Number of protein chains: 2
Amino acid sequence: MARASYHHGDLRNALVAAATAAVRSGGPGALAVREVAREVGVSPNAAYRHFAGHADLLATVAEHARGAMGAAMAEGLSSVAAQDDPLALARARLRAVGRAYVEYAVAEPGLFRVAFGETPEGPPGCVGGPDPWAMLQERLDEMDAAGGLGRRGRDGADTVAWAGVHGLAELLVGPLAGLDERARGAAVDRLLAAVAAGLAA
Amino acid sequence: MARASYHHGDLRNALVAAATAAVRSGGPGALAVREVAREVGVSPNAAYRHFAGHADLLATVAEHARGAMGAAMAEGLSSVAAQDDPLALARARLRAVGRAYVEYAVAEPGLFRVAFGETPEGPPGCVGGPDPWAMLQERLDEMDAAGGLGRRGRDGADTVAWAGVHGLAELLVGPLAGLDERARGAAVDRLLAAVAAGLAA
DNA sequence: ACGGCTATGTTCACGCCGTCCACATGAGGC
DNA sequence: GCCTCATGTGGACGGCGTGAACATAGCCGT
């Protein structure tokens with residue numbers, strides 16, 4: 001870790017790591033280019049060789065956070081038991097990614113905030129894992145194929161599902177932080193059921 | 001506006017107004033105590049006679065924003081036509097406040113962000129209008145009384161409804177900004193329908 | 001082997017911000 | 001009419017983001 005030479009060798013990654021740590025424990029506002037540089041043991045302006053500035057560094061952290069979130073969702077998905085009824089399976093899989101979404105937010109509030117907080121227009125993108133948005137799309141395609149999307153069909157189903165899950169995550173990280181484990185679990189269950197019902201209607 | 005005397009007379013309100021304007025066009029990050037003071041024509045430190053600091057000023061702006069949002073919701077509610085079927089009426093009224101919630105967020109993204117963005121633990125509170133959260137509760141009580149909440153009942157219904165609406169608002173202000181008016185309206189309609197279906201299930 | 005090119009870090013400097021402290025002012029109560 | 005206390009001012013400190021000029025060293029062609 002200690003850099004013996006004038007050139008660091010892996011500064012960019014080191015900066016991203018330090019920045020991620022900062023955001024992780026303190027949210028987006030806790031990111032300071034100077035401090036991150038200090039942490040890595042490098043002069044403040046060294047960071048400008050790898051990032052356009054504070055915003056760019058933050059955006060990079062956000063990309064990685066989205067990737068990590070996608071990975072968590074993929075893991076949740078992979079642990080869904082196989083099942084004969086394709087519709088029930090599709091529902092279970094949708095629930096699994098939804099649950100993983102909010103659980104990630106609760107587990108990593110700082111990273112979650114930064115992942116979807118500031119969106120300076122343009123496609124988000126993500127690195128280090130699958131794209132959460134894409135994963136949701138796949139689940140909904142599956143639901144559609146299984147006939148789980150009701151009268152209103154596939155169009156706009158993604159927005160509904162995402163809004164429900166994202167909103168709950170946002171609340172649990174914000175105004176509803178402080179809900180105990182139990183209440184939180186119940187809220188997640190009920191919300192996922194409501195989303196499923198809403199999509200089927 | 002120009003103050004003739006050493007003492008301003010209404011500094012606190014003037015500061016809140018200027019701060020609100022700043023947040024309105026630029027989000028939470030655009031609030032600077034010094035700039036607000038400059039705008040009002042007063043020394044930077046004068047603000048410290050009325051607010052504990054930057055965070056306190058921002059929190060005050062947030063309170064007002066929540067009040068304004070509550071007012072918008074109340075207005076949306078008041079324009080719901082009377083109706084004989086109490087359940088249909090309750091549903092329409094719930095939809096109205098939900099729609100107003102989302103529309104306020106889209107109309108005032110900066111204020112919306114600050115209204116629910118940083119919650120330093122503790123009850124939010126609001127000034128200048130009814131409490132959005134309380135308004136939602138009332139709508140759900142009404143729904144419950146009309147028998148509109150299904151098997152799972154009133155408990156937790158508030159979280160589901162709020163999550164759906166809040167999540168959509170958050171998306172429309174963030175990753176889904178740039179949706180055109182038409183798509184946005186469709187998304188709101190579909191989400192509100194889904195929430196209703198989810199609550200009835 | 002060596003000399004220069006270029007990517008990568010460093011130093012210095014500027015202006016802005018939040019906030020603390022000591023001081024000035026003046027409005028309102030005795 | 002004076003005194004007091006809330007309110008506003010000035011100056012200062014440290015931190016931040018960032019630009020410009022300079023230093024270092026890995027690398028590549030000769």
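From a predicted model like this one, the values you see are computed outputs, not experimental measurements. Chain naming here is simple, since letters A, B, ... match the order of the sequence lines and numbering starts at 1 in each.
- As rounded to whole Å, 14 Å separates atom P of C:dG18 from atom CZ of B:Phe51.
- B:Leu94 pairs with exactly one of B:Leu192, B:Val165, B:Leu136 by the side chain to side chain contact (heavy atoms under 4.5 Å, CB included) rule, that one being B:Leu136.
- A close approach under 4.0 Å does occur between a side-chain nitrogen or oxygen of B:His50 and OP1 or OP2 of D:dG8.
- Among all heavy-atom pairs drawn from A:Val33 and A:Ala47, the shortest one is CG1-CB, 3.9 Å.
- The side-chain hydrogen bond (donor to acceptor under 3.5 Å, both in side chains) contacts involving residues 13-31 of chain B comprise B:Asp10-B:Asn13, B:Arg24-B:Glu108, where partners must be two or more places apart or lie in separate chains.
- Between the side chain of A:Arg93 and the main chain of A:Met143, no donor-acceptor pair closer than 3.5 Å is present.
- Atom C1' of nucleotide D:dA6 and atom CG of B:Asp10 are separated by 15 Å, given to the nearest angstrom.
- Of the candidates D:dC16, C:dT10, D:dT9, C:dT10 carries the atom nearest the A:Val42 side chain, counting heavy atoms from C-beta on.
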Could you encode protein contacts along nucleotides 17-23 of chain D as a string, one character per nucleotide from 5' to 3', using B for base contact, S for sugar-phosphate-only contact and - for no contact, with a heavy-atom cut-off of under 4.0 Å?
BBBBBBB
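- Using a 4.0 Å heavy-atom criterion, one finds that B:Arg38 contacts the sugar-phosphate atoms exclusively.
- Listed for the A:Arg139 side chain is no donor-acceptor partner under 3.5 Å among the backbone atoms of A:Ala96.
- Side-chain N or O atoms of B:His50 include none that pairs as donor or acceptor with a backbone N or O of B:Leu57 at under 3.5 Å.
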